[in-house]
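Please read the structure below before turning to the comments.
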Amino acid sequence: MENGGRSKGLWNRIWRYRMIYLFLIPAIIWYAVFCYYPMYGLLLSVKEFKYSLGIMKSPWVGLKWFRNFLSDGQFYLVLGNTVKITALKLLVGFPAPILFAVLINEIRSHGFKRVVQTLSYLPYFVSWVVAAALLTKLLSPYSGLVNDLRLMMDPQAEPIFYLGEPKYFYPVVILTDLWKNIGWNSIIYIAAISNIDPNLYEAAEIDGAGRIGRIWHITLPAIRPTIAVLLIMSMSGILNAGFDQIYLLQQPSTLQVAEVIDTYVLKKGIQQAQFEYATAIGMFKSLISLVVVVSVNWIVRKLSEVSLW
Amino acid sequence: MVRRKGEKYKKRRMGERIGDGMLWAFMLGVCVLCLFPFWYFLVLSFNDGYDTLYGGVYLWPRVFTLDNYRQAFAYPTILNSFAVSIARVLIQTLVSLIFTALMAYAMTEKELPGRKGINFFFFFTTIFSGGLIPSYILYRQIHILNTFWVLVLPGIFSFYNTIVMRTFFEEIPESLKESAKLDGAGEFTIFCRIILPLSKAVMATVALFVGVGAWNDWFSGAYYIQFNQKLVPAATLLYQIIAEASFKVNNIKTGSNIMAAGQDSLATAATTPESLRMAFVIIIVTPVICIYPFLQKYFVKGVMVGSVKG
């Protein structure tokens with residue numbers, strides 16, 4: 001490749017980069033311990049775990065835990081909830097930041113644009129614990145703001161316990177997800193839009209394109225590659241549903257619709273110490289996500305020559 | 001002809017103006033939605049707890065008091081929790097910045113033998129992982145469960161942060177490195193003397209990401225630290241206080257707010273648990289709210305550089 005590289009041989013080239021390898025050593029060790037060792041720990045899903053024996057020496061039990069959860073009615077409920085929540089979030093939460101970025105770009109006053117952007121990032125920087133606390137108060141049946149407003153408009157209205165009723169759970173989850181992430185997720189689109197050549201807009205204006213025309217024919221086509229990449233990336237979270245949010249907003253009375261894979265794994269695994277069973281479910285989830293990301297990446301690459309790898 | 005064209009132009013100007021008006025109205029709405037919940041809590045946290053129970057306090061405190069904050073800071077483990085959180089944020093941010101920068105710099109080396117394999121080794125962890133339980137068992141096996149280190153070590157590297165840094169480093173002109181090499185500088189000197197001083201924007205960005213992540217993480221404290229209240233970070237303390245409250249609401253369900261207040265372990269003569277919780281929320285979000293707007297110009301730039309390449 002480089003001058004004389006071939007004759008000097010591989011070892012010389014490696015030796016030349018010894019400092020670079022040294023820089024990588026902490027990362028490699030960390031990834032091996034904190035990412036790859038847990039992958040090895042997935043073996044638990046085919047073992048009967050004895051802590052004293054360690055993972056490898058614990059006895060094999062074949063697919064016992066997989067059979068267990070596949071014949072467990074609760075599991076299908078949880079899987080269904082997870083798919084529903086993720087699908088709704090993708091449907092609403094994926095296009096919303098694109099639209100928001102486009103609208104931000106249409107603001108002509110720089111000062112106002114900056115203020116809107118700064119404030120829209122605010123919810124992203126607080127934790128879900130804080131967001132859940134805010135929401136619990138706003139939606140509280142005891143003098144919460146939303147119920148107060150309803151009472152003001154209709155004094156006969158009964159206060160509603162929004163967080164305790166299953167039918168309100170998905171709307172609350174979708175709306176709070178939007179509130180928390182729309183500003184932050186739009187940053188990358190705003191950046192992509194700011195890279196568009198301004199001459200294109202001027203040319204369109206001379207051709208008589210209105211505001212909508214400019215957005216439709218210039219802005220959106222220009223950010224298509226960014227949209228494609230983010231779509232693939234969002235696929236890796238296909239069964240995530242948003243652990244923090246769901247876990248903090250669910251109540252015993254809403255579990256029927258609110259229990260998702262991640263919260264179920266936590267309860268079975270850590271709270272009830274059924275390590276192998278919970279690992280099997282977790283592994284099922286990881287494998288599905290992997291298959292989905294790889295196939296979506298493949299499809300998008302075929303269609304648009306954009307891909308993650 | 002000229003007149004007609006002018007009219008058409010005028011009409012379009014009108015259209016754009018109406019559009020602008022709607023846009024402003026919508027964006028003002030967005031600002032209110034993002035800001036108001038925090039303002040509401042700020043107001044309530046400065047309002048007398050028992051007065052708040054009558055309702056009707058929205059935009060300004062009715063009976064101003066500092067009691068909620070006095071009670072919050074008198075809460076048994078709160079100062080300790082903040083000390084844990086601050087130590088955690090500082091250590092994790094520092095360690096993470098150093099090692100992520102080294103890793104990102106190494107990954108800019110295009111001719112490195114084995115580069116593709118190393119890249120894949122890191123990247124693969126973003127699309128497949130062992131998950132919660134195997135990680136939990138790992139922490140138990142390396143004896144960091146119930147220690148300070150379980151709050152710091154698992155969050156040191158993030159592939160996303162590495163990519164943000166790597167992309168930034170790649171923008172630095174190769175010629176700077178080349179001329180330093182001709183002068184006999186080693187990789188470490190180039191890294192410290194050339195790369196780092198030019199990378200303040202991306203360093204600030206990643207420091208913000210890591211720092212806020214460490215400050216906000218309540219999960220590790222809740223599940224990896226179980227029998228040691230002394231090591232519980234502030235975010236987890238808030239979680240415990242709120243979880244206790246929602247448990248109470250569920251058990252009572254009917255009955256007045258005042259009754260609920262009386263049964264709560266946080267109730268005191270000076271204030272109600274609800275107002276105390278609001279003071280807690282404000283205390284915990286204040287540092288973050290004060291810091292991120294000042295770093296905005298950096299993280300927008302940092303993310304921007306990354307977005308060019310996708």
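Proteins get letters first, then strands, A, B, ... in listed order; numbering begins at 1 in each.
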**OP:** Indicate whether the side chain of A:Gln271 and that of B:Tyr223 have a donor and an acceptor atom separated by less than 3.5 Å.
**Re:** yes
Subject >> Heavy-atom check, side chain of B:Asp20 versus side chain of A:Arg211, under 4.5 Å >> reply: yes
**OP:** To the nearest 0.5 angstrom, please state how far the OG atom of B:Ser129 sits from the CE atom of A:Met283.
**Re:** 11.5 Å
Original post:
Based on non-hydrogen pairs under 4.5 Å, which of B:Ala106, B:Gly55, B:Pro113 is most in contact with chain A?
Top reply: B:Pro113
**OP:** Tell me, for A:Ile182 versus chain B, whether the close heavy atoms (under 4.5 Å) come from the side chain, the backbone, both or neither.
**Re:** neither
Original post:
Checking heavy atoms, do the side chain of A:Tyr189, its backbone, both or neither come under 4.5 Å from chain B?
Top reply: neither
Original post:
Which atoms of B:Tyr40 come close to chain A, meaning under 4.5 Å heavy atom to heavy atom: side chain ones, backbone ones, both, or neither?
Top reply: side chain
**OP:** Could you tell me which of B:Phe191, B:Phe188, B:Phe121, B:Phe26 has the largest number of non-hydrogen atom pairs under 4.5 Å with chain A?
**Re:** B:Phe121
**OP:** Count the heavy-atom pairs under 4.5 Å between each of A:Ile14, A:Val265, A:Ile28, A:Leu138 and chain B, then report the option with the highest count.
**Re:** A:Ile28
**OP:** Just give me the residue among A:Asp262, A:Val115, A:Leu290 that pairs up with chain B most often, heavy atom to heavy atom, under 4.5 Å.
**Re:** A:Leu290
Original post:
Given a strict heavy-atom distance threshold of 4.5 Å, which part of B:Tyr58 is in contact with chain A: side chain, backbone, both, or neither?
Top reply: side chain
Original post:
Does any non-hydrogen side-chain atom of B:Tyr136 lie less than 4.5 Å from one of A:Ile270?
Top reply: yes
Original post:
If you count heavy-atom pairs under 4.5 Å with chain B, which of A:Phe49, A:Tyr51, A:Tyr40 comes out on top?
Top reply: A:Tyr51
Original post:
Contact part of A:Tyr37 toward chain B, heavy-atom cut-off under 4.5 Å: side chain, backbone, both or neither?
Top reply: side chain
Original post:
By a 4.5 Å heavy-atom criterion (distance strictly below it), what part of B:Leu28 contacts chain A: side chain, backbone, both, or neither?
Top reply: both
Original post:
Given the side-chain rings of B:Phe123 and A:Tyr31, with only the six-membered ring counted for Trp, is the space between their centroids under 6.0 Å?
Top reply: no
Subject >> Shortest non-hydrogen contact from B:Cys34 toward A:Leu122 >> reply: O-CD2, 3.9 Å
**OP:** Would you check if B:Trp24 and A:Ser109 make a side-chain contact, meaning some heavy-atom pair closer than 4.5 Å?
**Re:** yes
Subject >> chain A interface, residue from B:Ile142, B:Leu208, B:Leu44, B:Leu238 that has the most non-hydrogen pairs under 4.5 Å >> reply: B:Leu238
Original post:
Taking atom types as modelled, is there a side-chain donor on B:Glu274 or A:Tyr142 under 3.5 Å from an acceptor on the other?
Top reply: no
Original post:
Of the backbone (N, CA, C, O) and the side chain (C-beta and beyond), which part of B:Leu132 lies under 4.5 Å from a heavy atom of chain A, both, or neither?
Top reply: side chain
Original post:
With only heavy atoms counted, which part of A:Leu44 is less than 4.5 Å from chain B, the side chain, the backbone, both or neither?
Top reply: side chain
Original post:
Taking the six-membered ring for Trp, is the centroid-to-centroid distance between A:Trp184 and B:Phe209 below 6.0 Å?
Top reply: yes
Subject >> Atom of B:Met27, atom of A:Leu103 and distance for their closest heavy-atom approach >> reply: CE-CB, 3.6 Å
Original post:
Nearest 0.5 Å, what's the CZ-NZ distance between B:Arg277 and A:Lys137?
Top reply: 10.0 Å
Original post:
Any idea which heavy atoms bring B:Ile242 and A:Ala133 closest together, and the distance?
Top reply: CD1-CB, 3.3 Å
Original post:
Should B:Gln296 and A:Gln117 be marked as a side-chain contact (heavy atoms from CB on, under 4.5 Å) after you check the CA-CA gap, both sets of side-chain angles, and the distance that decides it?
Top reply: CA-CA 9 Å; B:Gln296 185 174 339; A:Gln117 277 182 275; 4.0 Å; yes
**OP:** Could you look at B:Phe122 and say if it's the side chain, the backbone, both or neither that has a heavy atom under 4.5 Å from chain A?
**Re:** both
**OP:** Kindly give the heavy-atom pair with the smallest separation between A:Leu42 and B:Gly130, and that separation in Å.
**Re:** CD2-O, 3.3 Å
Original post:
Which region of A:Leu266, side chain (C-beta onward) or backbone (N, CA, C, O), has a non-hydrogen atom less than 4.5 Å from a non-hydrogen atom of chain B, or is it both or neither?
Top reply: both
Original post:
Does the side chain of B:Gln141 reach to within under 4.5 Å of the side chain of A:Ile55, using non-hydrogen atoms?
Top reply: yes
Original post:
Which bit of A:Leu230 is near chain B, if near means a heavy-atom gap under 4.5 Å: side chain, backbone, both or neither?
Top reply: neither
Subject >> Toward chain B, the part of A:Leu287 with a non-hydrogen atom under 4.5 Å >> reply: both
Original post:
Rounded to the nearest 0.5 Å, how far does CD1 of B:Ile137 lie from OG1 of A:Thr279?
Top reply: 5.5 Å
Original post:
Where on B:Glu187 is there a heavy atom nearer than 4.5 Å to chain A: the side chain, the backbone, both, or neither?
Top reply: both
Subject >> Separation of B:Glu111 CD from A:Arg16 CZ (nearest 0.5 Å) >> reply: 8.0 Å
Original post:
If you measure from CD1 on A:Ile20 to OH on B:Tyr105, what distance do you get to the nearest 0.5 Å?
Top reply: 5.0 Å
Original post:
Where does B:Tyr292 contact chain A at under 4.5 Å (heavy atoms): side chain, backbone, both or neither?
Top reply: side chain
Original post:
Considering only heavy atoms, which portion of B:Ile127 lies under 4.5 Å from any heavy atom of chain A: side chain, backbone, both, or neither?
Top reply: both
Subject >> Proximity breakdown for B:Leu153 and chain A, heavy-atom pairs closer than 4.5 Å >> reply: both
Original post:
Using the benzene-type ring in the case of Trp, are the ring centres of B:Phe99 and A:Phe23 under 6.0 Å apart?
Top reply: no
Subject >> Residue pair B:Pro37 / A:Trp179, side-chain heavy-atom distance below 4.5 Å >> reply: yes
Subject >> Side chain / backbone / both / neither for A:Val116 at chain B, heavy atoms under 4.5 Å >> reply: both
Subject >> Winner by heavy-atom pair count (cut-off under 4.5 Å) against chain B, out of A:Val294, A:Val292, A:Val293, A:Val130 >> reply: A:Val130
Original post:
Taking C-beta and beyond as the side chain, do A:Met39 and B:Thr125 meet within less than 4.5 Å on heavy atoms?
Top reply: yes
Subject >> Over 12 non-hydrogen atoms of neighbours within 6.0 angstrom of CZ in B:Arg17 >> reply: no
Original post:
So which of A:Tyr21, A:Phe275, A:Phe34, A:Trp30 has the largest heavy-atom pair count under 4.5 angstrom toward chain B?
Top reply: A:Trp30
**OP:** Could you tell me which portion of B:Ile284 (side chain, backbone, both or neither) has an atom closer than 4.5 angstrom to a non-hydrogen atom of chain A?
**Re:** side chain
Subject >> Nearest heavy-atom neighbours spanning B:Phe128 and A:Ser286 >> reply: CE1-CB, 3.5 Å
Subject >> Spacing of CZ belonging to B:Arg115 relative to CG belonging to A:Leu24, to within rounding of 0.5 Å >> reply: 11.0 Å
**OP:** Scan side-chain atoms only and decide if A:Trp128 and B:Asn216 contain a donor-acceptor pair under the 3.5 Å cut-off.
**Re:** no
Original post:
With a 4.5 angstrom heavy-atom cut-off, which part of A:Val33 approaches chain B: side chain, backbone, both or neither?
Top reply: both
Subject >> Shortest non-hydrogen contact between B:Pro293 and A:Thr118, atoms and distance >> reply: CB-CG2, 4.1 Å
Subject >> Region of B:Tyr239 that comes under 4.5 Å of a non-hydrogen atom in chain A >> reply: both
Original post:
Is any side-chain heavy atom of A:Ser143 closer than 4.5 Å to a side-chain heavy atom of B:Leu53?
Top reply: no
Subject >> Under 4.5 Å from any heavy atom of chain B - which part of A:Pro26 >> reply: both
Original post:
Can you tell if the side chain of A:Tyr121 reaches within under 4.5 Å of the side chain of B:Phe299, non-hydrogen atoms only?
Top reply: yes
**OP:** Counting only heavy atoms closer than 4.5 Å, note whether B:Phe157 contacts chain A via side chain, backbone, both or neither.
**Re:** both
Original post:
What residue, out of B:Leu112, B:Val288, B:Val281, has the most heavy-atom pairs lying under 4.5 Å from chain A?
Top reply: B:Leu112
